[in-house]
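Each residue takes its place number in the sequence, starting with 1. The figures here come from the full heavy-atom set of this structure, side chains too, leaving out hydrogens, waters and symmetry mates.
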Amino acid sequence: MLKRSRAGGQSDDLTYESYLGLDRLLTAQHPLADPPHPDELLFIVQHQTAELWAKLMLHEFSRVVRLLREDDLPGTFRVLDRIFCVQAQMISQWTVIGTLTPDAFTEFRPVLGGASGFQSAQLRALEFRLGNKHPEYLAEYDWSAQRELLECALNEPTLYDEFLLFLARQGHPLPDHCSDRRYCGGQEPDEAVVAALRRIYENRARYMAEYEMAERLVELEERHQLWRFRHMRTVRRIIGDRPGTGGTRGVRYLAEMVNDPLFTEIFAARDVIDP
């Protein structure tokens, strides 16, 4: 049990190692290749790091939703700027795993069995939170301890939904059905919503805060698409067009993801803005 100091309420015994749980974190890598393969640790650390960044992003998305519901756009902007920095880290780390050569991966790939990045509940939850919702994928996570996380991400409003609800509270002319709609990035844009967004873009000086929020969502999609693209290209570099681990479609599936739009109504509104 941790001891407590009288002054600051902090533990006398707390150290950098114990605070960060390094005894557990640094022993959570369990290479399976026999004989050991020097590149398997890279593969494990790469994916564990991605999961930690994904955990942070989901946490920050929850903060953005809360701030939007409180009509606090300045606070929302600050958190989104942090999310952009996390996305930059997630994009750049593909460079590290990209040093894994096809022959090296082939040597330890059999130990992965049916394990696949497709099974990442957190990365799937990120897609759901951004509006790329596919209910049919939920059955793929019946075994996962994080299934509840996915169900919440699937059924709750997306970040974009919350933005539209904010606009409605500010008096922007959005259709009533937006309050109950659960937007999915692949659906056809609602022209009434596009018109309301276009009104913001055409009157940027008057609606600067709303305009800035819309542009941050554009930036969010751009960075997410870059992450998808780098993922696809890295996998292609390592395994080519072969099936992915666990029998997934590999590069073909990832290439389809690159073309999945998120905030189509914002882009539709931006397309017709005169200089």
Side-chain angles (χ1 to χ4, degrees), residues 15-61 82-127 130 137 140-141 143-146 149-150 222-258:
T15 65
Y16 175 84
E17 182 175 316
S18 62
Y19 176 68
L20 295 178
L22 294 184
D23 57 333
R24 300 184 303 277
L25 181 65
L26 298 180
T27 56
Q29 297 74 45
H30 306 290
L32 298 176
D34 186 18
H37 194 286
D39 287 344
E40 190 180 359
L41 182 62
L42 161 67
F43 189 82
I44 294 172
V45 169
Q46 167 84 19
H47 289 83
Q48 288 182 336
T49 303
E51 291 294 332
L52 288 172
W53 285 128
K55 180 176 182 177
L56 179 58
M57 282 191 65
L58 288 168
H59 169 74
E60 299 297 348
F61 275 156
R82 176 180 294 173
I83 288 172
F84 297 157
C85 293
V86 175
Q87 287 180 300
Q89 293 294 321
M90 294 182 73
I91 292 167
S92 66
Q93 78 174 49
W94 289 118
T95 304
V96 182
I97 194 68
T99 64
L100 180 63
T101 61
D103 58 311
F105 182 55
T106 299
E107 289 169 1
F108 69 84
R109 187 182 187 186
V111 305
L112 302 178
S116 167
F118 182 87
Q119 298 166 339
S120 170
Q122 289 197 126
L123 294 177
R124 182 66 62 194
L126 281 175
E127 292 286 347
L130 289 170
Y137 286 153
E140 302 287 341
Y141 300 89
W143 53 270
S144 176
Q146 300 181 84
L149 170 75
L150 277 174
E222 177 76 8
R223 288 171 182 260
H224 190 64
Q225 294 286 22
L226 285 172
W227 180 84
R228 288 171 169 175
F229 178 77
R230 289 298 303 275
H231 186 185
M232 181 269 292
R233 294 299 301 182
T234 301
V235 171
R236 189 174 190 277
R237 177 172 180 163
I238 296 173
I239 70 170
D241 292 324
R242 291 176 292 171
T245 53
T248 59
R249 292 187 293 124
V251 170
R252 286 182 297 164
Y253 166 75
L254 296 174
E256 292 170 3
M257 289 282 286
V258 170

Would you name the heavy atoms of [X] and [Y] that are closest together and state the gap between them?
X	Y	value
I238	L100	CG1-O, 3.5 Å
Q93	A50	NE2-CB, 3.5 Å
A54	L126	CB-CD1, 4.0 Å
R237	P102	O-CG, 3.6 Å

Kindly indicate whether the side chain of [X], heavy atoms from C-beta on, has any atom under 4.5 Å from the side chain of [Y].
X	Y	answer
W94	Q46	yes
R109	I239	yes
H224	E127	yes
L149	L58	yes
M90	M57	yes
V235	Y253	no
R223	F84	yes
Q29	E40	no

Fill in: Donor-acceptor contact present, side-chain H30 to main-chain T27, <3.5 Å
yes
Worksheet entry | Worked verdict on Q122 versus Q146 for side-chain contact (heavy atoms from CB on, under 4.5 Å) | CA-CA 8 Å; Q122 289 197 126; Q146 300 181 84; 3.2 Å; yes
Spacing of [X] atom [atom1] and [Y] atom [atom2] [to the nearest 0.5 Å]:
X	Y	atom1	atom2	value
L123	R228	CG	CZ	11.5 Å
E107	D39	CD	CG	8.0 Å
L32	I44	CG	CD1	6.5 Å
H231	R236	NE2	CZ	14.5 Å
I91	L226	CD1	CG	5.0 Å

Worksheet entry | side-chain contact (heavy atoms from CB on, under 4.5 Å) between V45 and V96, worked out | CA-CA 10 Å; V45 169; V96 182; over 6 Å; no
Worksheet entry | Q119-S144 side chain donor-acceptor pair, cut-off 3.5 Å | no
Discussion item. Under 3.5 Å, is there a donor on one side chain and an acceptor on the other for T95 and R230?
Written reply: yes
Practice prompt. Mind telling me whether F43 and F108 have parallel, tilted or perpendicular rings, with 30° and 60° as the class edges?
Written response: perpendicular
Practice prompt. Just say parallel, tilted or perpendicular for the rings of Y137 and F118, cut-offs at 30° and 60°.
Written response: perpendicular
